[in-house]
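Quick note: numbers below take in every heavy atom, side chains included, and nothing from hydrogens, waters or symmetry partners. Quantities reported herein were computed from a predicted structural model and do not represent experimental measurements. Throughout, numbering of the chain's residues begins at 1 and tracks the sequence.
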Amino acid sequence: MWPDRRLIDLFKTEFPIVLAPMAGIMDAELVIAAAQGGALGSLPCAMISAEKAREQVGLIRQRAKAPVNMNFFCHTPVELTSEADARWKQRLTGYYTEHGLDPAAPIAAANRAPFDAAFCEVVEELKPEVVSFHFGLPEQALLRRVKAAGCLVISSATTVKEAVWLEQHGVDAVIAQGAEAGGHRGMFLTDKIAEQPGTFALVPQVADAVKVPVIAAGGIADGRGIAAAFALGASGVQIGSAYLRCPESKVSAGGRKALAEARDDSTVITNVMTGRPARGVQNRLMREAGPISPDAPPFPHAATALGPLKAAAEKQGKVDFTNLWAGQAIALGREVPAAELTRNLAQSALGRMKTLAG
């Protein structure tokens, strides 16, 4: 029934839908529900330990007879200089004072670890059907080990050049991430945010440039978006924002309220939350210190000093310092269980394509 079955055949899922890995606001529960609905469930591993990853995959395996995707970051760590740290803390001093916090108090460092040999051992042990990467790919020796473990490999591209590079380096499918997408830009061959193409322009050009299946991502939150992605040459879609208000997500009460009230113009690309450009629902910090600020230290260090502010504000039910990553189609999201949402998305897409086919 699907016009292109390459992704379904590759992943062996019921539907050509990938649940986007959304670090910090989801765990095994959302992965399980989406997988039970027929999608490829993705477990974000960039903010958890190897032990936690083992535990989470174990839970998924117990409750879902479906393939699983483990997702990792591939950024090159950058040291935080004392000058950059001092400049950022100075910028945040007023907020600390307002919330009765001591800016000199020790803070746990933000945890956004890149894929390494230790996590590669976890992958070799757990053998997830799919391993996805963000910000390029790991070094070739690690990538060879992942593939030798029998895992399919996918990664995000924000330009045609990145998509071609990924195919040349052995990925089994490319995620074409348009500018509309929520979360961190997957860019790794460029840092020019202003030049990033939108999904509608990027997907057909990537589909023309590579032979592997293309997964469209960015601004896709209903059956119409899925049908459009297939019309543009995609073999499947990756969807994140539409799942944020599902009961299985870990979004806070304040965050859910902000998401429910969001409109088409509510998200911005910012670097003040983590130090790396990402799209999210605009909050107080983004408005007052950004959205793009030269004071924000490099990824992921900007998030460290925000930790106490985020916790203090969330106790008051506010999301002034919370990174609610979301795409431009966030207003299309609904409060529906993830399995039901997945089936609805697939059925709506098939219905839309049937109508268009006449």
Side-chain angles (χ1 to χ4, degrees), residues 20 22-23 46 73-76 78 84 87-88 91 112 133-137 155-167 174-210 214-221 225 228-229 232-234 237-241 262-303 306 323-331:
M22 298 177 285
F73 286 174
C74 287
H75 60 287
T76 302
V78 178
R87 187 169 64 245
W88 187 228
R91 182 66 185 83
R112 309 284 197 287
F133 295 104
H134 212 51
F135 314 134
L137 291 169
S155 186
S156 301
T158 63
T159 63
V160 171
K161 186 178 179 181
E162 288 178 344
V164 170
W165 186 95
L166 290 173
E167 183 177 51
V174 169
I175 302 162
Q177 185 197 42
E180 301 94 323
H184 287 99
R185 313 296 84 193
M187 48 183 52
F188 59 95
L189 295 182
T190 179
D191 59 2
K192 297 176 181 175
I193 317 163
E195 295 179 3
Q196 191 191 355
T199 306
F200 214 82
L202 180 64
V203 170
Q205 294 182 77
V206 169
D208 286 348
V210 300
V214 176
I215 303 165
I220 302 167
L232 295 171
V237 296
Q238 178 170 281
I239 298 178
S241 301
R263 304 182 306 271
D264 61 320
D265 58 354
S266 293
T267 68
V268 295
I269 291 178
T270 182
N271 73 334
V272 299
M273 303 307 299
T274 66
R276 192 169 185 129
R279 182 180 293 283
V281 176
Q282 191 160 208
N283 59 24
R284 180 185 174 189
L285 183 68
M286 293 178 199
R287 286 191 297 272
E288 297 176 0
I292 300 293
S293 170
D295 293 332
F299 180 83
H301 304 297
L306 294 177
N323 50 336
L324 277 178
W325 299 144
Q328 289 182 322
I330 186 59

Enquirer: Measure the CZ-OG distance between Arg87 and Ser293 for me, rounded to the nearest 0.5 Å.
Expert: 8.5 Å
Enquirer: Looking only at the side chains, is there a donor atom on one of Gln196 and Thr158 sitting less than 3.5 Å from an acceptor on the other?
Expert: no
Enquirer: Report the C-alpha distance between Lys161 and Thr190 in whole Å, list the side-chain angles of each, state the deciding distance to 0.1 Å, and finish with yes or no for side chain to side chain contact (heavy atoms under 4.5 Å, CB included).
Expert: CA-CA 10 Å; Lys161 186 178 179 181; Thr190 179; over 6 Å; no
Enquirer: As an exercise, state the distance from CZ of Arg112 to OG1 of Thr274, rounded to the nearest 0.5 Å.
Expert: 6.5 Å
Enquirer: Can you tell me how far apart CD (Glu180) and CZ (Phe200) are? Round to the nearest 0.5 Å.
Expert: 10.0 Å
Enquirer: Under a 4.5 Å cut-off applied to non-hydrogen side-chain atoms, are Leu137 and Trp165 in contact?
Expert: yes
Enquirer: Between CD of Gln328 and OG1 of Thr199, what distance do you get to the nearest 0.5 Å?
Expert: 8.5 Å
Enquirer: Give the minimum heavy-atom separation between Thr267 and Gly327, together with the two atoms involved.
Expert: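 In this case the closest contact between Thr267 and Gly327 is CG2-O, 3.6 Å.
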Enquirer: How close do Asn271 and Pro277 get, heavy atom to heavy atom, and via which atoms?
Expert: CB-N, 4.3 Å
Enquirer: Does the Gln177 side chain pair with the main chain of Gly186, one donor and one acceptor, at a distance under 3.5 Å?
Expert: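 Side chain of Gln177 to backbone of Gly186: a pair is present.
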Enquirer: To the nearest 0.5 Å, what is the distance between CG on Leu232 and CG on Asp208?
Expert: 10.5 Å
Enquirer: Kindly give the heavy-atom pair with the smallest separation between Val160 and Leu202, and that separation in Å.
Expert: N-CD1, 4.0 Å
Enquirer: Does NZ or CZ of Arg276 come closer than 6.0 Å to the centre of the six-membered ring of Phe135, within 45° of the ring's axis?
Expert: yes
Enquirer: Within a strict 4.5 Å, meaning less than it, do heavy atoms of the His75 and His134 side chains meet?
Expert: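 They are not in contact (no side-chain heavy atoms under 4.5 Å apart), so the answer is no.
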Enquirer: Do the non-hydrogen side-chain atoms of Val272 and Met286 ever get within less than 4.5 Å of each other?
Expert: yes
Enquirer: Is the backbone of Leu189 close enough, under 3.5 Å, to the side chain of Glu162 for a donor and an acceptor to pair up by distance?
Expert: yes
Enquirer: Looking at Ala296 and Ala302, what are the two nearest heavy atoms and their distance?
Expert: CB-CB, 4.5 Å
Enquirer: For the atom pair CZ (Phe299) and OG1 (Thr76), what is the distance rounded to the nearest 0.5 Å?
Expert: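 Phe299 atom CZ to Thr76 atom OG1 measures 11.5 Å (nearest 0.5 Å).
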Enquirer: Side chain of Arg185, backbone of Gly183: donor and acceptor closer than 3.5 Å?
Expert: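 Confirmed, Arg185 side chain pairs with Gly183 backbone.
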Enquirer: In the structure I gave you, are the side-chain heavy atoms of Trp325 and Thr270 within less than 4.5 Å of one another anywhere?
Expert: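 They are in contact (side-chain heavy atoms under 4.5 Å apart), so the answer is yes.
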Enquirer: What pair of heavy atoms forms the shortest contact from Ser155 to Gly136, and how long is it?
Expert: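 It is OG-O, 2.8 Å.
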Enquirer: Is Ile175 close to Phe133 at the side-chain level, that is, under 4.5 Å between some pair of heavy atoms?
Expert: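 Phe133 does not reach Ile175 side chain to side chain.
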Enquirer: For Phe188 and Ser156, work out which heavy atoms get closest and say how close.
Expert: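 Smallest heavy-atom distance, with atoms named: CE2-O, 3.5 Å.
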